[in-house]
Protein chains: 2
Amino acid sequence: MSRREPLSRDKVLDAALALAAEEGLDGLTMRRLAKKLGVEAMSLYRHVSNKADILDGIAERVFSQIDRPDPALPWHGQVRAMALGTYRAFARHPVVPMALATDQANPRTLAALRPLDDLVGALFQAGFDDAGVRRAMAAVNSLIFGSLMLTTAGFTSDDFYGDIDRQQLDGYLRRVDPAQLPHFSRLLALVPDTDREKDFEAALDMLITGLVAAAER
Amino acid sequence: MSRREPLSRDKVLDAALALAAEEGLDGLTMRRLAKKLGVEAMSLYRHVSNKADILDGIAERVFSQIDRPDPALPWHGQVRAMALGTYRAFARHPVVPMALATDQANPRTLAALRPLDDLVGALFQAGFDDAGVRRAMAAVNSLIFGSLMLTTAGFTSDDFYGDIDRQQLDGYLRRVDPAQLPHFSRLLALVPDTDREKDFEAALDMLITGLVAAAER
DNA sequence: ACCTGAACACCGTTCAAGT
DNA sequence: ACCTGAACACCGTTCAAGT
């Protein structure tokens with residue numbers, strides 16, 4: 001990968017997202033990123049203040065990909081659209097929720113906070129008071145990022161159920177004693193056939209049922 | 001800290017939990033952990049196979065602190081008790097959800113999976129079919145771990161709102177333009193006064209309302 | 001203005017060596 | 001049996017130096 005034109009913040013962030021997608025959060029190092037850009041590690045610091053800045057930058061990008069809700073929708077329709085859009089945006093870049101969860105990324109720019117503002121706006125439309133909005137916002141955000149986390153990490157990750165690691169699952173299934181964990185082992189067999197986005201939608205609809213009930217009280 | 005008796009896996013894990021509580025996930029390194037135990041880093045490998053093993057070990061400990069649900073409770077009472085107990089156990093050890101979220105910990109022992117089995121068991125009692133149980137389990141787990149993640153990281157963390165960082169909040173409040181983020185900035189002022197466990201309970205109750213409605217259909 | 005080389009203070013882990 | 005010292009291949013980041 002030869003490079004004549006000078007680097008830029010955008011090019012660094014492009015490469016960082018690509019590298020993180022290929023190698024995971026651990027694989028995203030200043031030295032590897034520089035190599036990918038055909039440059040020495042220290043050159044990156046001309047365009048980015050440090051690694052935390054890179055992680056904030058890629059997180060902000062993902063936040064800014066989230067569509068704004070249609071204000072003509074009823075409030076719970078807006079919440080649903082926002083939540084699903086947020087889930088989809090981050091599911092495309094699984095390292096970003098990981099960086100957020102560990103506080104390695106914490107973007108506080110307008111672009112990153114806009115989706116949150118839209119969500120909060122929809123919840124105020126529902127008629128919650130301030131504390132009610134705060135709780136509802138926390139509930140929706142928790143479900144989104146928790147779902148991403150379970151999607152991304154652990155025994156339900158694509159990685160684990162990918163073709164390569166299929167044998168690991170078999171080994172795992174054999175190690176889980178159905179006599180000791182009867183319910184879990186019954187469930188384990190059907191995890192590979194799940195559509196995670198559909199599961200998130202189901203969870204979201206259950207939460208929204210509860211939100212609507214709470215708003216009406 | 002002098003030490004005459006030999007090390008053991010349990011002592012290593014005790015020290016690891018303590019160090020992680022003091023220094024965070026980043027501060028938990030083999031070298032620092034060894035120093036805390038009055039030993040060289042390489043001695044740890046006699047009692048633990050590597051760092052991932054330590055993280056699995058402390059995660060398993062937290063899982064095993066979760067009380068089993070009272071089988072006399074109705075299914076949704078069992079789910080509620082499990083979820084709250086899980087939240088509380090992990091809230092006491094915030095580095096563990098972080099390690100789980102980034103797949104640095106992934107314990108697969110009986111002790112770690114027992115709480116999950118109990119949760120799944122309660123959901124089968126509700127009358128869901130296999131796919132319904134899987135979705136309900138994902139919903140509950142997502143809400144728990146997402147809530148922990150929001151509690152632990154980012155602008156709602158204790159760290160951020162601790163006495164030391166109070167000025168940071170003020171600076172943040174000043175940087176958030178109410179004209180640009182009207183709803184979010186309205187909410188921001190009251191975040192410091194929140195009881196995060198109470199907020200989790202509110203979110204959980206909303207989700208359970210939705211779960212009950214889904215089970216009855 | 002933009003990039004680099006050498007250096008510093010760290011990591012996890014290995015391996016042969018000590019007691 | 002249990003612990004250690006030196007070493008290896010990495011990190012993020014600094015700083016003075018190159019063009």
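Residue numbers start from 1 in every chain, and the chains themselves are labelled A, B, ... in the order their sequence lines are given, proteins ahead of strands.
- At a non-hydrogen distance threshold of 4.0 Å, R46(B), H47(B) from residues 45-57 of chain B come into contact with DNA chain D.
- Checked options L113(A), V140(A), V133(A); the residue passing with V120(A) is V133(A) (criterion: side-chain contact (heavy atoms from CB on, under 4.5 Å)).
- Across all strands, M30(B) comes closer than 4.0 Å only to sugar-phosphate atoms, never to a base (heavy-atom distances).
- A residue-by-residue look at M42(B) and L44(A) shows that L44(A) has its nearest nucleotide of DNA chain C further toward the 5' end.
- Geometric assessment of R186(A) against the ring of F124(B) yields a positive cation-pi assignment under the 6.0 Å and 45° thresholds.
- Between F63(A) and F90(A), the two ring planes are perpendicular [angle over 60°; tilted spans 30° to 60°].
- If you check every strand for non-hydrogen atoms under 4.0 Å, S43(B) touches a base.
- In plain terms, the two heavy atoms of P97(A) and M149(B) that are nearest each other are O-CE, 3.9 Å.
- Residues R9(B) and D53(B) are paired through a salt bridge, judged by an N-O separation under 4.0 Å between the basic side chain and the carboxylate.
- Annotation: side chain of R68(B) is in contact with side chain of R114(B) (closest heavy-atom distance under 4.5 Å).
- D14(B) and R61(B) are joined by a salt bridge, as a carboxylate oxygen and a charged side-chain nitrogen come within less than 4.0 angstrom of each other.
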Inset, instruction - Could you summarise the pairing of DNA chain D as dot-bracket text, marking Watson-Crick and G-U pairs under 3.5 Å with ( ) or [ ] inside the strand and | across strands? - result: ||.|||||...|||||.||
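- Under a 4.0 Å N-O distance rule, the pair K36(B)/E22(B) qualifies as a salt bridge.
- Applying the 6.0 Å contact sphere to CG of D26(A) captures no more than 12 heavy atoms from other residues, nucleotides or ligands.
- On the nucleic acid side, DNA chain D contacts chain A at distances under 4.0 Å to non-hydrogen atoms, with the end points of that region at dC11(D) to dT14(D).
- Using a 4.0 Å cut-off between a side-chain N of Lys or Arg and a carboxylate O of Asp or Glu, R80(B) and E201(B) qualify as a salt bridge.
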